[in-house]
Amino acid sequence: MSENTEIKKGLAGVVADYTAISKVNAETNSLLYRGYPVQELAAEKSFEEVALLLWTGELPTEEELAAFTEFERANRALDPAVKEAIDLLPTDCHPMDVGRTAVSVLGARDDRSEDSSPETELAKAQEIFVAFPAVVAYDQRRRRGQEIIEPRDDLNYAENFLWTTFGEEPAPEVVDAFRVSMILYAEHSFNASTFTARVITSTLADMHSAITGAIGALKGSLHGGANEAVMHTFEEIGIRTEESREEAAARAKSWMEQALADKKKVMGFGHRVYKNGDSRVPTMKQALDAMVDYYGRGELMGLYDGLETAMSEAKDIKPNLDYPAGPTYYLMGFDIEMFTPLFIAARLTGWTAHVMEQRANNSLIRPLSEYNGPQERHLS
Ligand code: ACO
């Protein structure tokens with residue numbers, strides 16, 4: 001290795017480009033979308049408004065929102081070609097594979113693949129955003145042997161998502177927690193999946209290819225897959241509805257102490273950027289608390305508290321967004337494997353905004369490597 005080469009393993013600490021989409025500030029534990037604190041957006045805005053903010057840089061006017069709402073509500077039905085492709089996939093494959101396939105099918109059928117003008121890119125972003133909930137809802141239902149539910153145009157995005165998944169009109173408390181989760185999951189600067197989307201875009205490939213790749217990156221348990229892994233941890237410890245919060249906390253605490261003694265990585269904790277807590281967790285935790293009250297499941301919070309306390313005491317590592325999001329989706333009734341596809345539905349907004357930003361000021365992303373294989377040798 002040359003003396004002056006410094007390898008930035010995992011690109012940790014590398015600033016790869018500018019972005020105007022979001023600002024993650026680890027020092028102040030804050031997250032801004034286009035300048036607005038995410039907590040303010042989660043308190044006051046719909047997910048549809050936040051999506052438009054991420055794509056265009058500004059919150060929509062009333063007319064812009066009305067036009068987008070009309071488009072969104074008119075195009076929610078599952079594309080028959082996507083349904084046919086999903087039906088070819090086994091019901092026990094991972095739902096992330098279904099989501100990845102669905103976006104790939106949409107891309108293959110889009111005759112604007114070579115058109116990357118800003119207007120067409122925005123249209124594609126909005127079309128993928130609108131199409132995806134039907135994929136998740138259908139996949140959840142077919143795994144349970146249930147019939148597809150047609151969307152309703154009198155419901156907003158979050159209400160319709162839950163309606164088409166469960167076939168029941170959701171309670172306002174549940175809709176609100178779901179809306180908040182979508183907003184918090186929407187965007188987070190150059191995380192692994194977003195960077196994947198930007199790398200693919202930088203080669204001048206089309207938006208659907210970039211999003212398909214991003215879904216692959218999100219699937220891993222060090223990234224989006226952690227929200228599922230959190231619930232698997234809860235299940236491993238044992239979810240006992242008859243137990244008190246204190247009893248559950250005590251069991252979870254000893255489980256964590258053992259896991260750390262065994263040098264296990266416990267999903268839902270730690271973050272590459274935030275080292276003193278994830279800015280999104282307090283807002284998501286409030287949504288989880290609301291769901292725990294709504295469903296009357298205090299014992300789950302015992303497990304939650306026990307793991308968090310033990311991790312904090314032993315290693316001073318804080319929960320990330322996936323930690324409160326996992327049990328929230330569980331309480332709503334989603335199968336655990338569906339949690340990361342829900343993350344896709346939200347993050348599609350950020351990914352597509354980054355595709356457009358990368359495209360607008362492109363440079364091929366192509367780092368160097370330091371060779372450490374065999375010395376030069378010859379066949380004879
Ligand atoms: N459980 C146990 N120990 C941990 C954890 C964890 N979840 N996270 C970090 N550590 C420890 C590491 O073992 C390491 O300890 P050591 O110095 O004694 O070896 C130290 O903290 C630093 O950890 P790294 O993995 O090197 O930190 P990095 O910044 O590379 O990793 C990451 C960040 C990948 C998120 C890591 O914290 C992790 O694996 N967490 C679990 C997966 C997870 O929850 N991912 C979701 C991310 S957020 C999101 O996608 C919304």
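Each ligand, and each atom within it, is numbered from 1 in the order the structure gives. Start at 1 with the first residue, then count along the sequence. No hydrogens, no waters, no symmetry mates; every other heavy atom, side chains included, goes into these values.
- The contact set between ligand 1 and Gly268, taken as ligand atoms under 4.0 Å from a residue heavy atom, comprises 43 (C), 44 (O).
- Distances between N or O atoms of Val266 and those of ligand 1 include at least one value under 3.5 Å.
- For atom 28 (P) of ligand 1, the nearest protein heavy atom lies closer than 4.0 Å.
- With sequence neighbours excluded, no residue forms a salt bridge (charged side-chain N to carboxylate O under 4.0 Å, His left out) with Arg73.
- At a 3.5 angstrom cut-off on N or O pairs, Arg280 does not count as close to ligand 1.
- Between Lys265 and ligand 1, at least one N/O pair is under 3.5 Å apart.
- Between Glu147 and Arg142 no salt bridge is recorded (no basic side-chain N to carboxylate O distance below 4.0 Å).
- The shortest N/O to N/O separation between Phe269 and ligand 1 falls below 3.5 Å.
- Of the listed residues (Arg347, Lys263, Lys315), the one carrying the non-hydrogen atom nearest atom 13 (O) of ligand 1 is Lys315.
- At a threshold of 4.0 Å, the pair Glu247-Arg245 does not count as salt-bridged, since none of the basic side-chain nitrogens sits closer than that to a carboxylate oxygen.
- Partners of Ser22 by side-chain hydrogen bond (donor to acceptor under 3.5 Å, both in side chains), not counting sequence neighbours, listed by chain and number: Glu187.
- Taking any N or O of Ile317, backbone or side chain, none lies under 3.5 Å from an N or O belonging to ligand 1.
- Near Lys264, with a cut-off below 4.0 Å to any heavy atom, the atoms of ligand 1 are 2 (C).
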